[in-house]
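See below for the structure under consideration.
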Amino acid sequence: WDCEAPVEIVYKVLNDRARFEGEGLVVLTQVLAHDLTVGYEELENVLLLSINGTPVKNLKHCLELIESCEAEYLRFNFQCNLVLVLRPEDAKKATAEVLAQHGIPAATSPDLQPTPQGASAQANLAASPKSQSRSELQSEAELEGEAEAEVERSRSK
């Protein structure tokens with residue numbers, strides 16, 4: 001992966017350490033086609049730094065910032081001074097349309113969806129990286145797989 005990933009991201013993974021438990025990189029890997037995202041299609045594999053000026057701590061925090069936005073615009077600031085600006089209500093409507101258009105079953109993975117009351121919180125913990133060097137952190141896909149496996153184990157008990 002380090003030969004194909006953008007240099008800036010490889011550098012952060014190999015050289016930076018998490019500043020607090022649960023810190024993780026959030027990378028925009030691809031923008032799916034939609035009328036709302038015309039002109040942003042080439043934006044890919046960039047590190048998300050902040051949303052509306054608030055530094056992004058991890059993927060769950062990113063989702064919280066988006067869902068709680070009361071500003072007129074959602075402003076995503078990425079590395080290399082790249083900025084994506086959307087109206088929150090337009091983004092929510094477009095998300096539903098893009099999911100249907102591309103046959104995507106959900107906007108988020110199960111570990112980012114609200115946990116029903118009484119359910120095990122361990123599924124959420126399985127997706128939280130520990131404080132360690134980022135080179136030691138598991139990939140997001142591995143974490144999602146572990147979270148899904150933990151949910152299945154807790155259901156079968």
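Distance alone, capped at 3.5 Å, places no donor-acceptor pair between the Asn45 side chain and the Val27 backbone. In terms of modelled atom types and a separation under 3.5 Å, the side chain of Asn58 and the main chain of Gly22 share a donor-acceptor contact. The closest donor-acceptor contact from the side chain of Thr95 to the backbone of Ala91 lies under 3.5 Å. A donor-acceptor pair is defined here as one N or O able to donate and one able to accept, closer than 3.5 Å; no such pair exists between the side chain of Glu41 and the backbone of Ala33. A donor-acceptor pair under 3.5 Å is formed between the side chain of His34 and the backbone N or O of Leu36.
No continuous path of ILVMFWY side-chain contacts below 4.5 Å connects Val31 to Val98, so the two sit in separate hydrophobic clusters.
Of all the heavy atoms in Tyr40 and Leu86, the pair that sits closest is CE1-CD2, 4.5 Å. Minimum heavy-atom separation, Leu48 to Asn77: CD1-O, 3.5 Å. Taking all atoms of both residues into account, the shortest heavy-atom contact from Leu47 to Lys12 is CD2-CD, 3.2 Å. Scanning both residues, Ser50 and Val56, for their nearest heavy atoms gives CA-CG2, 3.8 Å. In this structure, Cys69 and Pro88 approach most closely via the heavy-atom pair SG-CG, 3.8 Å.
Annotation: side chain of Ile51 is in contact with side chain of Leu74 (closest heavy-atom distance under 4.5 Å).
Between Tyr73 and the choices Val85, Asp90, Asn52, the side-chain contact (heavy atoms from CB on, under 4.5 Å) rule is met once, by Val85. In summary, of the residues considered (Ile66, Leu65, Leu43, Val46), a side-chain contact (heavy atoms from CB on, under 4.5 Å) with Phe76 occurs for Ile66 alone.
One finds the CD atom of Glu21 at 13.0 Å from the NZ atom of Lys57 (value rounded to the nearest 0.5 Å). For the atom pair CD (Glu23) and NE2 (His61), the distance works out to 11.5 Å, reported to the nearest 0.5 Å. Going from atom NZ of Lys60 over to atom CD of Gln113 covers 10.0 Å, rounded to the nearest 0.5 Å. Atoms CG and CG, from Leu59 and Leu112 in turn, are 5.0 Å apart once rounded to the nearest 0.5 Å. If you take CG on Leu28 and CG on Leu84, they are separated by 7.5 Å, rounding to the nearest 0.5 Å.
In the displayed structure, Asn81 atom CG is contacted under 6.0 Å by at most 12 heavy atoms of other residues, nucleotides or ligands.
Legend: residues meeting side-chain hydrogen bond (donor to acceptor under 3.5 Å, both in side chains) with Gln79, ordered by chain and number and at least two apart, are Glu8.
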